[in-house]
Amino acid sequence: MTILHITYFAALRDATGYSEETLTTEAVTAKTLFYELTEKYHWRFTETDIRIAINDRYRPPDTPLKEGDRVVFIPPVAGG
Amino acid sequence: MTILHITYFAALRDATGYSEETLTTEAVTAKTLFYELTEKYHWRFTETDIRIAINDRYRPPDTPLKEGDRVVFIPPVAGG
Amino acid sequence: MLFQLTDRPIEPLISSLHPHTGAIVTFEGRVRAVNDDREVSSLEYVAYPELALHEGHAIVSEALERFDIIGACAIHRTGHLVINDIAVWIMSAAVHRKEAFEATEYIINTIKARVPIWKKEHYSDGETTWVRCDHCANPHDHSKQSKASLKRKRYATR
Amino acid sequence: MLFQLTDRPIEPLISSLHPHTGAIVTFEGRVRAVNDDREVSSLEYVAYPELALHEGHAIVSEALERFDIIGACAIHRTGHLVINDIAVWIMSAAVHRKEAFEATEYIINTIKARVPIWKKEHYSDGETTWVRCDHCANPHDHSKQSKASLKRKRYATR
């Protein structure tokens, strides 16, 4: 089991009702964590919509998670 | 014979020593006038360097000249 | 400062120039009153600051490597913006103009693709939505305003 | 005013915007301290005003026809200019950025090719010369400053 800090922005913040949460998970990669949280929150995003940041850097979806990681799922960006 | 008003800019003003002159010529087109004035002033420009303006609009070199026309030979431009 | 986020109005100001600078190309992204045929009344930009600053800095650094430019920078606004406000301001300076155009276009394209900033549109009917992207992800047709109607009003300088 | 000549310093100011404007691309042509490896101390721009205004106006009008833009304008300086002064300022405004980039680049390229304005460079050794064009007609090699040397000094915004 791993303790992680998740931060939500924009549409994911609206979908979860949280700006951040700390949770304990069996998920080994960011991708499996994403599916776990999709079950929990029923958000409308799929894996292809989302990029993943771990500790404030973009990382591939199969990145293994470590205790204390800050994880952010990045919905489609719209800057500029 | 045609009476014309010639205006000189930039390098042609330096070459002729005049900003403008009024002259009487047998030249029928702007191009022949250019050769006539090249003989007179020995400037370093050739026909391919120069564009021609008659009465403040670009015109082709074979444009016939009319009494009272304002003629300007345009050396290579360098705006911007 | 290669990339900044600010919640204050952006006032472009080019203060200190390398003496070899011959060309400066700027891009301003402005808040439009209409997006996808809906009347927009205002916008909210939200950033993930730690990652946005990292990516923004990386993008401007990449432009400095890829293009023969003297300098470049970009500023992105956050918070609440109204019509005509500057959302993003980008500048590239070069000896010659081609590279300044290329770098500025590269920076805005890459910011739009990579920097974690989100935009919530507020519509005149009171609805709001998080925009997926300006011009690609919406399923319905991006029917354009007719050119004639756009040109009815011109704007002037000074 | 689509095209202006001025003998006063150019201060870019975008005052009145169509509410559909989403993108503004500006180009500034600045006086460079070095041209063709010679140290420039100042410049003199001379225009043939009647034809320059006619051609400048025609060029901006052509851009408005060719590109899907909302507005555009250009200002060219005349008279005596020093290093870093703005010689020409161009702006295009559009709904989307691609057209604004294209129009601004078209306008500066076409001004340089067609508008009857001449530039006399004053060099630090006291010589002067009428420049045939910025970057093409000089017979000798246009050896570039090394990128490293250009990047030694950066400029910043505010």
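Because the structure is a prediction, the values reported are computed rather than measured.
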Heavy-atom distance under 4.5 Å between the side chains of D:His96 and C:Arg32, does that happen here?
yes
For the atom pair OG1 (C:Thr26) and CH2 (D:Trp89), what is the distance rounded to the nearest 0.5 Å?
8.0 Å
Can you name the salt bridge (Lys or Arg N to Asp or Glu O under 4.0 Å) partners of D:Glu55, sequence neighbours left out?
D:Arg114
Side chain, backbone, both or neither: which part of C:Val31 has a heavy atom under 4.5 Å from chain D?
backbone
Check the orientation of C:Phe101 and D:Phe101. Use parallel for under 30°, tilted for 30 to 60°, and perpendicular for over 60°.
perpendicular
Does C:Arg97 reach the side chain of D:Asn109, with side-chain heavy atoms less than 4.5 Å apart?
yes
Which atom names give the shortest non-hydrogen contact between D:His20 and C:Val34, and what distance separates them?
NE2-CG2, 3.4 Å
One should read off an interatomic distance between C:Arg30 CZ and D:His18 NE2, to the nearest 0.5 angstrom, of 14.0 Å
For D:Thr128, side-chain contact (heavy atoms from CB on, under 4.5 Å) partners two or more places apart:
D:Lys120, D:His122
Top residue by heavy-atom pair count (under 4.5 Å) with chain C, among D:Ile108, D:Ile83, D:Asn84?
D:Asn84
